[in-house]
There are 2 protein chains.
Amino acid sequence: MSQPPWQPITPAKPVRQAKEPLTRDRIVDAAMRVLTQSGYEAVSMRKVASELGTGPASLYAHVANKRELDQLLVERTAEQMVFDDPIDPARWQAQLKATMREMLRAMRANPGVARAAIGAVPVGERALRTTERILTLLKAGNVPDQAAAWAVDLIPLYVTAVAFEETVQSASDWTPEDVERFVSNLRTYFEALPADRFPLTVALAAPLTSGADGDARFEFGITVITAGLATLAPTP
Amino acid sequence: MSQPPWQPITPAKPVRQAKEPLTRDRIVDAAMRVLTQSGYEAVSMRKVASELGTGPASLYAHVANKRELDQLLVERTAEQMVFDDPIDPARWQAQLKATMREMLRAMRANPGVARAAIGAVPVGERALRTTERILTLLKAGNVPDQAAAWAVDLIPLYVTAVAFEETVQSASDWTPEDVERFVSNLRTYFEALPADRFPLTVALAAPLTSGADGDARFEFGITVITAGLATLAPTP
DNA sequence: ACCTGAACACCGTTCAAGT
DNA sequence: ACCTGAACACCGTTCAAGT
């Protein structure tokens with residue numbers, strides 16, 4: 001099906017130029033593709049460049065270095081977090097937990113990004129929305145200012161660490177069966193320890209090795225942190 | 001000063017052989033030296049090998065791969081933690097905090113090891129002592145078994161994440177003045193944000209950027225976690 | 001059994017030269 | 001101004017060959 005003759009031969013708005021110009025956004029897009037498909041380890045300047053059909057040197061006109069590219073991936077992930085639940089002071093603890101769940105969800109959706117996030121100071125536009133939301137919830141719970149400010153550091157630190165731990169496990173080429181076998185071996189190992197020196201490790205071998213399912217462990221963590229923060233509110 | 005003639009010419013026990021044989025321990029020693037002197041980034045198979053006057057291939061007879069070497073560095077650090085304070089059930093919360101401080105101390109003493117530790121499952125001999133101590137303290141505080149078991153994961157995760165954050169900051173070639181300037185700029189940035197969208201971030205700009213001193217922030221974290229765990233003990 | 005040189009398949013970053 | 005090829009100084013790991 002060819003173009004009717006009254007159409008201009010050179011299209012006014014080409015859908016795709018022969019060679020799209022490199023931009024920051026296109027670089028981050030490509031990096032994000034590599035990240036979700038092959039994990040953080042695979043995100044190299046060279047791989048991202050070849051994903052864009054060019055050489056690694058070309059990226060340096062738009063991105064200062066690898067660290068800045070990492071930061072941009074973290075920022076992208078923060079943009080995907082949705083906090084639209086209107087704040088209800090009576091439910092601030094439940095809402096704080098839901099906020100942390102949403103943070104973990106977004107990091108899980110971009111496997112490997114936690115590795116880049118764990119050492120990054122969040123200053124981007126959307127990371128600020130997370131900060132603002134946490135502060136609002138803690139103020140609703142009467143948590144003192146300095147405590148709320150520190151919690152803004154503690155909460156993402158915890159969520160990111162959990163996400164990172166998960167990706168370390170899955171990044172190694174272990175099948176779910178391998179993980180299961182490993183956990184099972186670990187329980188046997190704990191149970192066989194000298195009971196005089198490690199009485200509780202032996203006695204609690206089962207619960208110690210039951211947390212591999214992930215979600216229950218994360219729920220425990222956000223419960224502890226939320227309850228701990230709640231104790232900081234002055235009781236009038 | 002030459003040897004007196006009645007001394008045997010070939011010494012019975014040479015203080016140092018011309019070429020000491022490679023061992024796991026010597027490799028970890030060398031890696032530890034590189035780690036504390038130049039940080040985690042510098043710990044490569046090649047650098048460790050050249051520290052020992054050999055090539056990288058030689059290490060593979062004693063160490064499976066880089067990941068195993070990382071694990072051994074973490075194990076070394078765990079060995080340096082001292083928990084000899086006899087357990088006093090009445091002071092379990094204070095003692096739990098002291099335990100976390102000791103964990104952080106040991107990681108700080110080996111700058112960069114946190115990076116290796118953050119994705120490592122602690123199974124070594126000495127890491128078990130940490131596990132056993134945390135369990136003992138939580139049992140003293142009547143924390144339920146499953147909660148205590150999960151706390152064994154949560155506590156090292158938090159301490160390691162804090163240590164890692166610190167090394168990321170110091171690993172970049174920033175002087176203390178650079179850090180101070182960065183924090184100061186960040187405060188100014190927060191204060192200049194649109195107050196209608198980020199009211200609390202603007203209002204709390206000062207406390208948000210005051211935590212860079214480190215210790216106070218860590219104290220906050222261990223207080224929140226300890227208080228949170230205490231709420232899990234059934235009140236009889 | 002342990003050690004080694006050389007090679008393989010990768011990195012991040014720089015820089016002079018092109019358009 | 002943006003892009004590129006080529007180079008520099010690195011990685012982890014393997015493997016055949018030596019002792």
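Values reported hereafter were calculated over all heavy atoms of this structure, with side chains retained and with hydrogens, waters and symmetry mates removed. Lettering of chains follows the sequences in order, A, B, ..., and the numbering in each one begins at 1.
Distance alone, capped at 3.5 Å, places no donor-acceptor pair between the A/Ser184 side chain and the A/Glu180 backbone. In this structure, A/Asp153 contributes its side chain and A/Ala149 its backbone to no donor-acceptor pair below 3.5 Å. Formation of a donor-acceptor pair under 3.5 Å by the A/Ser50 side chain with backbone atoms of A/Lys47 is found in this model.
Residue A/Arg46 contributes atom CZ, which lies 11 Å from atom C1' of D/dC8 at whole-angstrom precision. Separating the CD atom of A/Glu68 from the P atom of C/dG12 is a distance of 15 Å, rounded to the nearest angstrom. Rounded to a whole Å, the CE atom of B/Met45 is 15 Å from the C1' atom of C/dT4. Rounded to whole Å, the distance from CZ on B/Arg26 to C1' on C/dC2 is 14 Å. Straight-line distance from the CD atom of B/Glu41 to the C1' atom of D/dG12: 15 Å, rounded to whole Å. Separating the CG atom of A/Leu69 from the P atom of C/dC11 is a distance of 13 Å, rounded to the nearest angstrom. Regarding B/Lys66, its NZ atom lies at a distance of 16 Å from the P atom of D/dC10, rounded to whole Å.
Each of B/Arg33, B/Arg46, B/Gln37, B/Arg26 was checked for a side-chain hydrogen bond (donor to acceptor under 3.5 Å, both in side chains) with B/Glu51, and the lone residue meeting it is B/Arg33.
Using a 30° and 60° split on the angle between ring planes, B/Trp150 and A/Phe220 fall in the tilted class, from 30° to 60°.
For C/dA1, the OP1/OP2 oxygens have no side-chain nitrogen or oxygen of B/His62 closer than 4.0 Å. Not one side-chain nitrogen or oxygen of B/Lys47 sits closer than 4.0 Å to the OP1 or OP2 atom of D/dC10.
Nucleotides C/dA17 and D/dC2, compared at atom C1', are 13 Å apart to the nearest Å.
Where A/Leu59 and B/Ser44 meet DNA chain D, the nucleotide closest to each residue was compared, and A/Leu59 sits on the side nearer the 5' end.
Between A/Asp70 and A/Lys66 there is a salt bridge, with a side-chain nitrogen of the basic residue lying less than 4.0 Å from a carboxylate oxygen of the acidic one. Ion pairing of A/Arg217 with A/Glu165 is present here, as a side-chain N (NZ or NE/NH1/NH2) and a carboxylate O approach within less than 4.0 Å. Of the charged side-chain nitrogens involved, at least one lies within less than 4.0 Å of a carboxylate oxygen, so that A/Glu102 and A/Arg105 count as a salt-bridged pair. One finds no salt bridge joining A/Asp215 and A/Arg101 here, because no Lys/Arg side-chain nitrogen approaches an Asp/Glu carboxylate oxygen to under 4.0 Å.
Distance from the side chain of B/Pro21 is smallest to C/dC3 among D/dG12, C/dT13, C/dC3. Listed nucleotides C/dT13, C/dC3, C/dT4 differ in distance to B/Thr54; the shortest reach to its side chain belongs to C/dT4.
Within the nucleic acid shown, B/Ser58 comes within 4.0 Å of at least one base atom, counting heavy atoms only.
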Indicate for each nucleotide in nucleotides 14-19 of chain D, in 5' to 3' sequence, whether protein heavy atoms under 4.0 Å reach the base (B), only the sugar-phosphate (S), or nothing (-).
BB----
Reading 5' to 3' and counting Watson-Crick or G-U wobble pairs with both distances under 3.5 Å, write the dot-bracket notation for DNA chain D, | for bases paired outside the strand.
||.|||||...|||||.||
